[in-house]
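First comes the structure, then the notes that go with it.
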Amino acid sequence: MEHTKYLVVGSSHAALEAVTAIRMHDADGSLTLLTRDAHLPYSPTVLPYVVSGRSAADDVFLRDETFFATNRVEFKRGSALKALHAARNAAELADGSEIAYEKLLLATGAAPAIPPIPGIDQVSYHVLRTLDDATKLHAAIKQSKQAVVLGAGLVGMHAAENLVKAGANVTIVEMAKQLTDGYFDPVAAQMIEKAFTDHGARILTGSRVVKLAPSAAFGTPGTTLTLENGTTLEADLLLVATGVKPNMDYLDDGGSGVEHDRGILVSDTMQTSVANVWAAGDCAQAKGFFTEAKVMNAILPDATEQGRIAGMAMAGDPGLKYYPGGVPLNTYHFFGRHAISVGSSKLPEGGEVLTRFDEASGRYLKAIFKDGRLLGIFGVNEFFDGGVMCQLILRRVDLSAVKERFMANPLAVGRELMSQLWR
Amino acid sequence: MGRGYNTIAFDAAKCDGCGDCMTACATAKTGTEDKTRSRIQIVGSGDDGFELALCRQCGDPKCVTVCPAAALTKNAESGVIEWDAAKCVDCLLCTIGCAYAGIALDSGTGHVAKCDTCDGAPACVPACPHDALTYITTSRIYNEVGGWEDLFTPGLAGCQGCNTELLMRHTLRRVGPDTVLATPPGCVPGMGSVGFNGTTGTKVPVFHPLLTNTAAMLAGIKRQYKRVGREVNALAIAGDGGASDVGFQSLSGAAERNEQILFMVVDNEGYMNTGMQRSSCTPYGAWTSTTPIGRGSGGMPAQGKTQDAKNLPLIMVNHRCEYVATASTAYMEDFYDKLGKAIEASKRGFAYLHVYSPCTTGWRFPTDQNMEVARKAVETNFVTLWEYTPNEGLRLTRPVDDPMPVTEYLKAMGRFRHLSPDQISHIQGKVVENLAFVKQMIHRSSV
């Protein structure tokens with residue numbers, strides 16, 4: 001049986017950061033990176049730009065073969081983890097072979113969550129999680145005249161904008177009362193909605209699809225969608241973007257004993273409930289910064305943070321610092337505007353919300369404070385340094401004395417605080 | 001071997017917030033004078049002082065790790081984090097990754113922008129009218145010298161935090177393999193120059209003279225090599241005890257005869273290798289094991305050394321050597337410059353290089369503070385960095401316009417902890433007097 005000191009499963013941000021962290025401390029220990037994907041490592045976050053054509057599909061890779069050679073990493077693509085036999089420190093691959101590991105990182109990411117709508121198995125639809133998905137969707141949007149996007153999260157919205165720009169009639173169907181629920185508040189969502197409707201998209205929030213059926217309306221395989229209120233929609237392109245779920249079937253298939261809930265449960269050093277096994281990134285469920293409960297925080301910056309911590313823990317790096325807890329961080333570009341959200345959007349008891357909105361310029365700013373500490377800050381067309389804001393939140397800096405100035409100019413005041421606090 | 005990189009340094013104390021750097025950056029990078037588009041941002045106020053938001057060109061850059069499009073990369077050659085406009089998707093995630101506001105949205109283009117050091121000639125630096133910005137290029141020493149052969153063996157055994165190993169390895173790399181090295185008793189052989197178990201610690205011939213005869217023996221060896229027609233560098237690395245006390249007679253004699261040798265003194269202001277006894281280079285007030293602190297005798301409490309230090313390098317100037325200079329490891333570019341000149345001068349006659357070397361163990365300061373102590377010695381004028389040649393006379397190579405009070409230096413270490421206000425004012429007075437004396441000599445050499 002093949003043996004490796006470090007086995008890292010997955011090849012996106014969490015996995016790559018872990019590889020870097022391991023090599024920082026252990027230059028020689030054998031390291032294998034395993035991915036079911038056929039490509040070099042890439043980021044799921046770049047995929048909407050592959051769909052739009054802004055990024056070329058062959059120019060988005062985060063590492064090349066030279067990197068793996070230089071860092072003495074055995075890089076195995078097209079090789080999926082099928083089952084984890086944690087009791088004997090072995091990973092069983094899809095082809096039946098096994099790799100024995102000393103330390104294992106599960107950074108297997110997530111896959112589209114397909115809603116159980118009656119008829120969904122009868123129709124053809126797109127999802128967007130892999131590079132191959134993106135390439136397919138890129139080709140399809142050029143042909144589409146009438147598209148429906150299920151789900152108004154960031155993936156769905158990005159794709160919808162691409163479809164609009166490609167000239168299709170686009171309808172976005174979302175169960176929640178607003179677009180980008182969980183990312184942006186109703187005011188920001190309203191601005192996003194208006195940008196879409198101004199460009200001819202149709203937005204159906206608070207709507208649920210109850211039935212899908214094949215349609216021949218377009219000559220190509222299309223779909224008829226029936227909504228809860230009886231309305232029907234015809235689509236020559238259907239994109240299902242109703243969220244993601246972690247890839248972790250391999251845990252049960254091998255009877256691994258690794259505890260999992262909505263994701264793989266991990267400690268503050270990203271260790272799972274089982275010895276020698278760590279997890280990081282979109283498949284992990286770790287402590288939140290604003291709550292002791294373990295949460296899913298499937299965002300890119302958190303994946304890098306978790307990956308680094310896991311790598312350091314696996315290599316025994318004494319510089320390891322405990323995970324401070326996940327802070328939501330998102331950026332979103334739509335029709336030439338940008339939205340940034342850093343921190344918690346929930347108003348706690350005793351908390352305070354300050355907002356500023358200039359309708360003429362479309363600049364919107366909202367911040368949530370408690371006891372003078374920043375909990376979250378959100379802006380549309382209002383640029384501030386998200387990284388600086390995140391530090392103000394993580395360090396629980398008391399902003400009572402500068403709150404008004406901060407709201408007036410978060411960019412300048414944030415930098416001023418930064419320069420005093422972390423030289 | 002890793003690489004060192006150049007960097008833009010900011011001295012907040014010198015900044016008055018004029019914003020000329022921002023105008024220069026905006027002009028160079030955007031063709032406008034719009035300071036909000038500058039990649040260097042001066043923040044803060046006259047009350048609280050000014051600070052800087054600028055890309056740190058991190059060694060472990062977070063902006064690079066959070067970029068989904070591989071648009072940011074650290075250039076291993078220059079150290080600059082480079083932005084690839086063709087790959088960038090304007091997602092702004094890098095601005096969320098960076099905790100230093102080093103990469104931000106440029107409102108003029110809609111893309112992010114960051115400092116690229118203008119390909120090694122940053123426009124902001126010369127634009128600063130107050131020298132608050134400097135472009136530090138010391139890394140070239142590390143990059144250049146790092147490639148030369150290290151003529152000491154691995155595993156020298158110095159005290160933790162000592163700068164002498166750095167000094168030894170740098171010096172021998174620079175002097176090169178055609179060298180005969182003399183290391184009289186002291187920290188340098190103590191660290192392993194003369195080796196262990198019958199092997200030397202150097203890859204060049206090394207010998208271990210007596211404290212008293214180092215310069216004499218080295219001069220003889222140099223003459224013998226000359227006689228047989230072989231060009232070698234004759235180098236001594238001695239301590240201040242070996243040079244200024246019992247070794248002084250042979251040192252003075254060799255200088256007077258203008259022997260073609262390079263005599264380097266590593267001045268840690270005492271016999272630190274043998275248990276921290278005082279030497280004639282130990283400064284006034286300093287604790288050593290032979291100038292203790294305590295009740296004293298005859299009604300006179302013991303309060304450290306009661307005499308002032310001998311200024312050995314100035315005495316060497318009075319030998320009219322080919323070259324005399326003082327140096328500090330806190331100023332490596334200055335040191336390198338002088339080392340080069342000293343090597344050249346030693347081909348013509350006697351060259352003397354006096355390097356101040358803070359001693360973590362004997363001076364009582366934390367092991368991570370060596371360079372800081374060395375720097376403070378210069379910044380308070382406790383020591384002065386200068387060079388002398390018979391033709392050019394004496395000149396300060398790093399004049400300090402606005403020296404810190406000497407207490408900033410004294411309180412950085414334990415050997416001065418006991419000082420009374422009277423002793424401190426004595427030392428401050430000596431600092432002023434010593435500088436005045438050096439300046440007098442500068443004046444004399446300019447007329």
Side-chain angles (χ1 to χ4, degrees), chain A residues 12-13 16-17 20-21 24 41-50 52 54-56 59-64 299-305 307-308 329-333 336 338-342 383-392 394 411-420 422-423, chain B residues 10 12 15 17 35-37 40-45 47-56 58-74 76 84-107 110-114:
Chain A
S12 194
H13 293 282
L16 295 174
E17 271 308 289
T20 303
M24 283 273 190
Y42 60 86
S43 172
T45 308
V46 82
L47 298 179
Y49 305 95
V50 175
S52 72
R54 169 115 184 219
S55 300
D59 200 24
V60 294
F61 300 117
L62 299 172
R63 301 286 190 280
D64 57 15
I299 55 166
L300 193 167
D302 219 27
T304 63
E305 178 80 11
R308 174 183 313 219
L329 302 164
N330 284 289
T331 60
Y332 174 46
H333 250 93
H338 61 81
I340 305 173
S341 90
V342 177
F383 181 76
F384 48 77
D385 301 299
V388 172
M389 298 303 148
C390 188
Q391 288 295 315
L392 291 175
L394 285 170
L411 185 73
V413 177
R415 289 174 176 178
E416 211 178 293
L417 291 164
M418 166 199 85
S419 65
Q420 290 159 16
W422 53 96
R423 283 170 198 277
Chain B
F10 176 65
C15 178
K35 288 181 188 174
T36 65
R37 296 183 62 193
I40 181 169
Q41 288 289 329
I42 301 294
V43 294
S45 64
D47 300 336
D48 300 329
F50 294 95
E51 267 296 344
L52 190 63
L54 176 71
C55 175
R56 260 83 163 156
C58 297
D60 186 14
K62 193 85 194 210
C63 59
V64 174
T65 65
V66 299
C67 177
L72 291 163
T73 41
K74 186 167 176 78
D84 183 344
K87 284 189 171 184
C88 178
V89 295
D90 296 330
C91 72
L92 300 181
L93 275 170
C94 50
T95 70
I96 277 193
C98 177
Y100 304 103
I103 185 163
L105 182 69
D106 176 353
S107 55
H111 304 301
V112 290
K114 66 177 291 301

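Letters A, B, ... mirror the listed sequences (proteins, then strands); counts begin at 1.
Only the backbone of A/Val60 has a heavy atom closer than 4.5 Å to any heavy atom of chain B. Only the side chain of A/Arg308 comes within less than 4.5 Å of a heavy atom of chain B; its backbone N, CA, C and O stay farther away. Looking at B/Cys63, there are no atoms closer than 4.5 Å to chain A (heavy atoms on both sides), in backbone or side chain. Proximity to chain B (any heavy atom under 4.5 Å) is shown, for A/Tyr42, by neither the backbone nor the side chain. Using a 4.5 Å cut-off between heavy atoms, B/Cys98 touches chain A through its backbone atoms (N, CA, C, O) alone. B/Cys94 does not touch chain A: none of its heavy atoms, backbone or side chain, sits under 4.5 Å away. Only the side chain of A/Leu300 comes within contact range of chain B, with heavy atoms under 4.5 Å apart. Only the side chain of A/Ile340 comes within less than 4.5 Å of a heavy atom of chain B; its backbone N, CA, C and O stay farther away. Contacts between A/Thr45 and chain B at a heavy-atom distance below 4.5 Å involve backbone atoms as well as side-chain atoms.
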Taking it one step at a time, do B/Asp90 and A/His338 satisfy side-chain contact (heavy atoms from CB on, under 4.5 Å)? CA-CA 9 Å; B/Asp90 296 330; A/His338 61 81; over 6 Å; no
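Of the possible donor and acceptor atoms, one in the side chain of A/His13 sits under 3.5 Å from a partner among the backbone N and O of B/Thr65. Remark: side-chain polar atoms of A/Arg54 are paired, donor with acceptor, to backbone N or O of B/Cys88 under 3.5 angstrom.
For the pair A/Phe383 and B/Leu105, the tightest heavy-atom approach, listed with the atom from each and the gap, is CZ-N, 3.3 Å. The minimum heavy-atom distance linking A/Arg415 with B/Ala101 is given by the pair NE-CB, 3.4 Å. A/Leu62 approaches B/Ala70 most closely through the heavy-atom pair CD2-N, 3.9 Å.
For the atom pair CD (A/Glu17) and CG (B/Asp60), the distance works out to 7.0 Å, reported to the nearest 0.5 Å. Rounded to the nearest 0.5 angstrom, A/Asp385 CG and B/Ile96 CD1 are separated by 10.5 Å. Between atom CZ of residue A/Phe384 and atom OG1 of residue B/Thr95 there is a gap of 8.5 Å, rounded to the nearest 0.5 Å.
Taking the side chain as every heavy atom from C-beta outward, A/Asp59 and B/Lys87 approach each other to under 4.5 Å.
When B/Gly97, B/Cys67, B/Cys91, B/Ala71 are compared by the number of non-hydrogen pairs under 4.5 Å with chain A, B/Cys91 comes out ahead.
Shown are A/Ser55, A/Pro44, A/Ser43; of these, the side-chain contact (heavy atoms from CB on, under 4.5 Å) with B/Pro68 is made only by A/Ser43.
Using a cutoff of 4.0 Å between basic side-chain nitrogens and carboxylate oxygens, B/Lys62 and A/Glu305 are scored as salt-bridged.
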